[in-house]
2 protein chains.
Amino acid sequence: MSDLSGLRERKKARTHEAIQEAALRLFRTQGYEATTVEQIAEAAEVSPSTFFRYFPTKEDVVIHDALDPLLFASFAEQPAQLSPIQALRASMAAVFGALSPDQLALEFERQDLIVGVPELRARMLDDLATTFRGFAEALAARVGRPADDLAVRAFAGAVLGAGIAVWLTASQGEEVSVFMKEFDAAMAYLDDSGLRL
Amino acid sequence: MSDLSGLRERKKARTHEAIQEAALRLFRTQGYEATTVEQIAEAAEVSPSTFFRYFPTKEDVVIHDALDPLLFASFAEQPAQLSPIQALRASMAAVFGALSPDQLALEFERQDLIVGVPELRARMLDDLATTFRGFAEALAARVGRPADDLAVRAFAGAVLGAGIAVWLTASQGEEVSVFMKEFDAAMAYLDDSGLRL
DNA sequence: TATCCTACTGATAGTCTCTCTCACTTAACT
DNA sequence: AGTTAAGTGAGAGAGACTATCAGTAGGATA
């Protein structure tokens, strides 16, 4: 993937970063819709063509989620005696706990941007459909059942659905940690109410 | 809203219908992306300007869900002794049971189109976020708790999430009734596993 | 060091969704 | 019949995104 050796690769990485930084800065100050790709390109000192070479759409500058793979990895590493929901709570705590305050603040700013812009929110939710499939597979592996098992799908959907519901209703300009707390409480509620796989 | 009295209103309703029919026919034969608004307008014998006067975006021709309000109404009418999930199952059965085979076929064709086109799928999922809020309120009213109660939100999200999960993984070109059966089975699973409000 | 080759880039032109404005027509009301 | 308000079409234009093509700079080779 990313060689990092060679001037070419380093330059590419720098351009990628420059575009992303310029874009997020402009989004923050002007708003998402009010910012054109042309402005981003100019601020990052590249041509509009180059913008689209690095990001297939304007949305992608914001959407890309670095935490997702970390969560999956952490989930897979949780001890087998934990229930699926307990394992999820533990991995959330582990991944977010490992973030620096700066990273956490940036992540939540990104979340607010996504929740606030319909275009981005829709795109994010669609991406979560993919996340759902991955989660269903991880669950299936954990309990030794096929991933297309109805109970596995329903359980995965229920857990993810509850999480999204909390995300959509809690993260709107709230304190940084509110979402985390409510997410955990919602998961505890599902667990306590007897939802099992 | 729709008076239906007066030539003006009738003409408007006819134009709305003509555009929608032309659009869906073209989408079916050419595909969604391959069909331009200009083509739809021409087929419906209106100007492109008029298209956007009736539908704010190209997506909206497909997205608008006539069943949603029916479901909410039916849900509200279910006897109080039914659990929320039982009430939901009953209203699904009632609303879909009242559809003619033609209506049912059209509805499922619409669903397939939405599931298959990323743009539409994303938009639909975002609209479901609004549906979620309505559902949470209906639930809250049913159990006599505030709608922003965490358990209410988590429960609503879990139920809706399981439903969406089944929808996304079952309705892809399957038999018409597969989604209905799996949806009902998923709800039964949630109920049986002890999920309560 | 000189020379290819390949990657990346910028410029240009074009498509399509969607917005806005303006003039024209036609339904509805007095 | 005359007036008002609503619906329509035409046109210009913004902005996201695509395709093409020529120029250029990195990286390998002699």
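Quick note on labels: first sequence line is chain A, next is B, and so on, each numbered from 1.
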Glycosidic conformation of D:dA16, taking syn as within 90° of 0 and anti otherwise: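 The base of D:dA16 is oriented anti (glycosidic angle more than 90° from 0).
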
Can you confirm if the NZ or CZ of [X] lies within 45° of the ring axis of [Y] and under 6.0 Å from the centre of its six-membered ring?
{"X": "B:R196", "Y": "B:F155", "result": "no"}
{"X": "A:K58", "Y": "A:Y32", "result": "yes"}
{"X": "B:R153", "Y": "A:Y189", "result": "no"}

Using a cut-off of 6.0 Å, state whether more than 12 heavy atoms not belonging to B:Q30 lie near its atom CD.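 Buried by this count: over 12 neighbours within 6.0 Å.
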
Nucleotide opposite D:dT24 in a Watson-Crick or G-U pair, distances under 3.5 Å: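 By the stated definition (distances under 3.5 Å), nothing pairs with D:dT24.
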
Could you please name the partner base of C:dA7, counting Watson-Crick and G-U wobble pairs only when both distances are under 3.5 Å?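 Partner of C:dA7: none found under 3.5 Å.
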
Roughly, in whole Å, what's the span from [atom1] in [X] to [atom2] in [N]?
{"X": "B:E119", "N": "D:dA16", "atom1": "CD", "atom2": "P", "answer": "15 Å"}
{"X": "B:E45", "N": "D:dG9", "atom1": "CD", "atom2": "P", "answer": "10 Å"}
{"X": "B:R14", "N": "D:dG7", "atom1": "CZ", "atom2": "P", "answer": "14 Å"}
{"X": "A:E33", "N": "D:dG15", "atom1": "CD", "atom2": "C1'", "answer": "12 Å"}
{"X": "B:D60", "N": "C:dC18", "atom1": "CG", "atom2": "P", "answer": "8 Å"}
{"X": "B:E9", "N": "D:dG7", "atom1": "CD", "atom2": "P", "answer": "7 Å"}
{"X": "A:F51", "N": "C:dC8", "atom1": "CZ", "atom2": "C1'", "answer": "17 Å"}
{"X": "B:R10", "N": "D:dA6", "atom1": "CZ", "atom2": "P", "answer": "19 Å"}

Using the six-membered ring wherever Trp is involved, compare the ring planes of B:H16 and B:F55 and label them parallel, tilted or perpendicular (cut-offs 30° and 60°).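 It falls in the tilted class, 30° to 60°.
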
Of the listed nucleotides ([options]), which one gets closest to any side-chain atom of [X]?
{"X": "A:V37", "options": "D:dA16, D:dG9, C:dA27", "result": "D:dA16"}
{"X": "A:R53", "options": "D:dA25, D:dT20, C:dT12", "result": "D:dT20"}
{"X": "A:F52", "options": "C:dG10, C:dT17, D:dA16", "result": "D:dA16"}
{"X": "A:R8", "options": "C:dT9, C:dC8, C:dG10", "result": "C:dC8"}

Give the residues of residues 17-25 of chain B touching DNA chain C, defined as any heavy atom closer than 4.0 Å, sorted by residue number.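 The stretch gives none, as no residue of it lies under 4.0 Å from the strand.
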
Can you tell me if [X] touches the phosphate of [N], counting only side-chain N or O atoms and a distance under 4.0 Å to OP1 or OP2?
{"X": "A:S49", "N": "C:dG10", "value": "no"}
{"X": "B:Y54", "N": "D:dT8", "value": "yes"}
{"X": "A:K12", "N": "C:dC8", "value": "yes"}

Please confirm whether the backbone N or O of B:T36 pairs with a side-chain atom of B:Q39, one donor and one acceptor, at under 3.5 Å?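 It does hold such a pair.
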
For residues B:D148 and A:T169, is any side-chain donor paired with an opposing acceptor at under 3.5 Å?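 Side-chain D/A pair, B:D148 to A:T169: absent.
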
Of the non-hydrogen atoms in B:V62 and B:R110, which two are nearest, and what is the gap between them?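 Result for this residue pair: O-NE, 2.9 Å.
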
Give one of base, sugar-phosphate or nothing for B:P56, where a contact means two heavy atoms less than 4.0 Å apart.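 Contact class for B:P56: sugar-phosphate only.
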
